[in-house]
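Inspection log for the structure reproduced underneath, given as structure tokens.
Protein chains get the first letters and strands the later ones, always in sequence-line order, with residue 1 at the start of each.
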There are 2 protein chains.
Amino acid sequence: MNLQQLRYVFEVSRHGYNVSEAAESLFTSQPGVSKQIRLLEEELGFEIFERHGKRLVGITEPGRQVLAIAERVLRDVDNLRQVGEEFTNESRGRLSIATTHTQARYALPKVVQEFLRRYPAVRLELHQGSPRQVCEMVLSGEADVAIATEAIADYDDLVMLPCYQWNRCVIAPQKHPILQAKPLTLEEIARWPIITYDSAFTGRSQINKAFLGRGLKPNVVLTAIDSDVIKTYVGMGLGIGIVARMAYDPLADKGLGMLDAAHLFETSTTRIGILRNAWLRGYVYAFIELFAPHLPRRMVELALAGGGSDPGL
Amino acid sequence: MNLQQLRYVFEVSRHGYNVSEAAESLFTSQPGVSKQIRLLEEELGFEIFERHGKRLVGITEPGRQVLAIAERVLRDVDNLRQVGEEFTNESRGRLSIATTHTQARYALPKVVQEFLRRYPAVRLELHQGSPRQVCEMVLSGEADVAIATEAIADYDDLVMLPCYQWNRCVIAPQKHPILQAKPLTLEEIARWPIITYDSAFTGRSQINKAFLGRGLKPNVVLTAIDSDVIKTYVGMGLGIGIVARMAYDPLADKGLGMLDAAHLFETSTTRIGILRNAWLRGYVYAFIELFAPHLPRRMVELALAGGGSDPGL
DNA sequence: GATAGTTACGGTAGTCGTAACTATC
DNA sequence: GATAGTTACGACTACCGTAACTATC
């Protein structure tokens with residue numbers, strides 16, 4: 001058994017059991033891949049892949065187990081290389097962050113600025129996507145960390161660490177009557193056309209839940225994945241907006257009024273997600289601590305090694 | 001990088017940084033090991049081992065990280081072989097259980113009997129030791145599962161699953177006056193010489209705690225690791241015994257009387273411990289379920305993959 | 001007939017073992 | 001001087017690539 005064989009198995013299954021394609025992506029010959037897989041199967045004593053004659057068409061049950069373990073091994077080998085990078089080039093490297101618009105636009109700028117000041121030689125990459133996509137990016141190795149609020153509880157291979165809590169506010173054009181409402185109620189909000197987040201995003205489910213709990217049917221006329229888009233349409237008078245509190249900036253959003261709505265919706269928790277058995281560069285820990293000061297390196301390591309997905313914060 | 005190199009690193013560190021010894025244990029030549037380690041170090045870009053001139057004397061900080069990952073990889077490779085065994089020889093194999101005397105003698109017999117009936121081709125091995133030793137055996141790969149009650153919370157690499165709860169009883173010679181005490185109190189117990197478990201064992205700390213909580217100083221005249229030894233001395237009139245409730249058998253222990261003491265001590269939880277990222281043979285899951293029916297395969301797998309050490313039971 | 005995988009075979013690289021050498025204790 | 005590790009070198013193995021062959025769709 002050797003690492004190459006595991007790599008081959010992984011790549012073949014990743015390419016839909018097409019050996020030729022896998023070989024190409026590995027910059028090697030098809031017969032080589034074929035043979036090595038045969039050898040591994042011989043050594044283990046069973047077939048990893050299902051075959052119709054010569055063609056590979058699927059994976060066997062034991063093969064599935066092999067694949068799972070192989071993936072972990074390959075990830076670990078990658079981790080070893082990372083260790084190398086870390087100790088030869090402590091302060092240079094790449095940090096790839098996958099996150100949602102709201103985080104990228106309102107929560108991260110300060111953190112990123114400070115991070116770049118401290119680690120000028122680290123190339124920072126910001127990827128955007130839905131909470132789901134963001135998690136997939138980490139799972140696929142495309143990103144190192146995910147930052148999102150929703151739908152990121154159900155990945156076994158991700159460790160999710162709570163970073164901060166936040167709630168929503170209602171925004172409306174300056175002279176809109178809702179700005180006089182005190183206290184602000186869900187009933188009042190439900191009277192107006194609403195512009196808010198797309199259903200896959202940024203705690204949108206909390207919003208639905210709140211209205212549902214009161215038997216209200218909010219009139220959502222427009223959804224977006226982007227707080228700025230929402231603000232734009234609110235400014236145009238198309239409706240009132242429900243956005244993350246941190247997305248309202250009294251200076252930048254002079255044309256809009258804001259009412260805090262923390263008492264109306266459940267708080268949302270934004271979490272950071274990392275691959276369970278990843279080995280992280282020093283500056284990744286630094287970034288996490290900048291973003292969530294209550295998560296120093298030791299806490300994160302603990303969560304990675306032992307842990308449940310929520311170290312009881 | 002290849003698996004052999006990782007194996008070499010692991011073995012060298014295991015043999016106190018003695019390359020020659022490591023080579024011998026790997027049935028290969030010393031220069032080969034030396035060279036491969038050099039090659040790996042070269043590839044990673046740093047030294048894994050600390051050297052005084054040519055002699056290896058320790059491990060560097062990055063080396064420590066490499067070693068940790070290497071261990072995981074090697075364990076996974078082993079897991080792969082296990083998968084092979086499992087699917088080619090589903091019902092034959094070896095199951096090595098490390099446990100304490102009390103479990104082996106009073107909790108396991110029925111389970112073992114049933115297990116052997118169902119898996120006649122599995123060679124069962126029972127190892128005994130203190131809770132600590134038992135855990136070490138699993139960590140070193142000597143045993144597959146650990147079963148114990150105490151001191152097994154603080155191993156990061158072990159997943160501990162609660163199996164059953166139990167408490168203690170007081171035993172004494174048939175005519176001993178304490179047998180008339182009702183209700184039985186700690187104060188009453190403290191009046192007599194006590195024979196009970198050694199301090200490293202079987203929930204002994206719960207006993208200490210109970211007396212301490214009442215400001216009592218129990219007169220422990222003799223400790224043992226073995227319920228049968230305790231019963232023997234109690235039978236000889238050397239004192240009263242505090243043993244696990246399940247260790248008293250009215251038939252076998254005719255000469256002794258028993259008073260339940262569940263109301264005096266905190267209950268103890270016996271747990272089963274397995275290596276966090278182990279791949280387990282099917283019959284290991286079967287054994288666990290026989291021992292703790294509330295832990296079917298799926299629960300155990302869940303705990304192994306994701307989980308905290310205590311899946312909230 | 002086109003696409004996909006296996007068998008066959010030769011070249012090459014890398015690993016292993018022995019032997020000679022060098023350094024540490 | 002004894003023990004431990006490195007360098008040097010030769011043998012062998014096993015992996016890779018090309019080419020020819022075979023099977024599936």
Side-chain angles (χ1 to χ4, degrees), chain A residues 1-60 63 66-67 70 73-74 77 80-81 84, chain B residues 1-60 63 66-67 70 73-74 77 80-81 84:
Chain A
M1 184 183 326
N2 58 42
L3 291 174
Q4 202 73 316
Q5 292 170 334
L6 300 184
R7 225 167 267 135
Y8 288 0
V9 167
F10 175 70
E11 210 64 13
V12 165
S13 98
R14 219 169 62 86
H15 283 90
Y17 313 111
N18 184 321
V19 179
S20 309
E21 247 182 64
E24 195 171 346
S25 86
L26 287 159
F27 304 103
T28 184
S29 71
Q30 180 271 320
V33 175
S34 208
K35 179 146 192 218
Q36 289 305 315
I37 286 181
R38 278 290 192 203
L39 280 173
L40 179 60
E41 289 182 326
E42 218 167 282
E43 178 176 350
L44 294 179
F46 57 85
E47 301 215 318
I48 295 171
F49 294 105
E50 267 169 8
R51 292 169 165 83
H52 274 179
K54 291 190 169 180
R55 231 159 263 225
L56 306 203
V57 294
I59 194 159
T60 63
V66 169
L67 186 62
V73 170
L74 295 176
V77 169
L80 280 173
R81 288 187 216 288
Chain B
M1 183 183 326
N2 58 42
L3 292 173
Q4 204 73 318
Q5 292 170 335
L6 299 184
R7 225 166 267 134
Y8 287 0
V9 167
F10 175 70
E11 210 64 13
V12 165
S13 100
R14 220 169 62 88
H15 284 90
Y17 313 110
N18 185 321
V19 179
S20 308
E21 249 182 62
E24 195 171 346
S25 85
L26 287 159
F27 304 104
T28 185
S29 71
Q30 180 270 321
V33 175
S34 208
K35 181 150 191 210
Q36 289 304 315
I37 287 181
R38 279 291 194 198
L39 280 174
L40 179 60
E41 289 182 327
E42 219 165 280
E43 178 176 350
L44 294 178
F46 57 86
E47 302 215 317
I48 295 170
F49 295 105
E50 268 170 8
R51 294 171 164 84
H52 274 182
K54 290 188 168 180
R55 229 159 264 224
L56 307 204
V57 294
I59 194 159
T60 63
V66 169
L67 186 63
V73 170
L74 296 176
V77 170
L80 279 175
R81 289 188 217 288

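- Rounded to whole Å, atom P of C:dT15 lies 13 Å from atom CE of B:M1.
- Scanning both residues, A:A22 and A:H15, for their nearest heavy atoms gives CA-ND1, 3.8 Å.
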Does B:V33 form a side chain to side chain contact (heavy atoms under 4.5 Å, CB included) with B:V12? I'd like the steps, not just the answer. CA-CA 9 Å; B:V33 175; B:V12 165; 3.9 Å; yes
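- Applying the side-chain hydrogen bond (donor to acceptor under 3.5 Å, both in side chains) rule to B:E24 yields no partners; only residues at least two apart in sequence or on another chain are considered.
- With rounding to whole Å, B:K35 atom NZ is found 10 Å from D:dA8 atom P.
- Nucleic acid contact class of B:T28 (heavy atoms, under 4.0 Å, all strands): sugar-phosphate only.
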List the protein contact pattern of nucleotides 19-25 of chain C with one symbol per nucleotide (5' to 3'): B for base contact, S for sugar-phosphate-only contact, - for none; contact means a heavy-atom distance under 4.0 Å. B--BSBS
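- Judged purely by atom type and a 3.5 angstrom limit, B:T28 has no side-chain atom pairing as donor or acceptor with the backbone of B:A23.
- Heavy atoms only, all atoms of each residue included: A:L74 and A:L6 are closest at CD1-O, 3.9 Å.
- By the 4.5 Å heavy-atom criterion applied to side chains, B:V57 and B:F49 are not counted as neighbours.
- Residues B:E42 and B:R38 are not paired through a salt bridge, judged by the lack of any N-O separation under 4.0 Å between the basic side chain and the carboxylate.
- For the pair A:L26 CG and D:dG17 P, the interatomic distance rounds to 10 Å; values are reported in whole Å.
- Residues from residues 13-23 of chain B that place a heavy atom under 4.0 Å from any atom of DNA chain D, listed by number: B:Y17, B:N18, B:V19, B:S20.
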In dot-bracket form, 5' to 3', how is DNA chain C paired? Count Watson-Crick and G-U wobble pairs only if both distances fall under 3.5 Å, and write | where the partner sits on another strand. |||||||||||||||||||||||||
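- Using a 4.0 Å cut-off between a side-chain N of Lys or Arg and a carboxylate O of Asp or Glu, B:R14 and B:E21 do not qualify as a salt bridge.
- Taking all atoms of both residues into account, the shortest heavy-atom contact from A:V77 to A:R7 is CG1-NH2, 4.3 Å.
- The only member of A:N2, A:L39, A:L26 that meets side chain to side chain contact (heavy atoms under 4.5 Å, CB included) when paired with A:Y8 is A:L26.
- Across all their heavy atoms, B:G63 and B:F46 have their closest contact at N-CE1, 4.1 Å.
- Rounded to an integer number of Å, the gap from B:L40 CG to C:dG14 P is 15 Å.
- Note: CZ (B:F27) to P (C:dG17) measures 12 Å, nearest angstrom.
- A straight line from CD of B:E24 to C1' of C:dC16 spans 17 Å, rounded to a whole angstrom.
- Between A:L40 and A:Q5, the closest heavy-atom pair is CD1-OE1, 3.8 Å.
- The CD-P distance, from A:E47 to C:dG5, rounds to 14 Å in whole Å.
- Judged as a side-chain hydrogen bond (donor to acceptor under 3.5 Å, both in side chains), and not counting sequence neighbours, B:S29 has no contacts.
- Protein atom CZ of A:R38 is 18 Å distant from nucleotide atom C1' of D:dC15, rounded to whole Å.
- Panel note: side chain A:E41, backbone A:I48; a donor-acceptor pair is recorded below 3.5 Å.
- For DNA chain C, the residues of residues 2-9 of chain B within the heavy-atom distance limit of 4.0 Å (strictly under) are B:N2, B:Q4, B:Y8, sorted by number.
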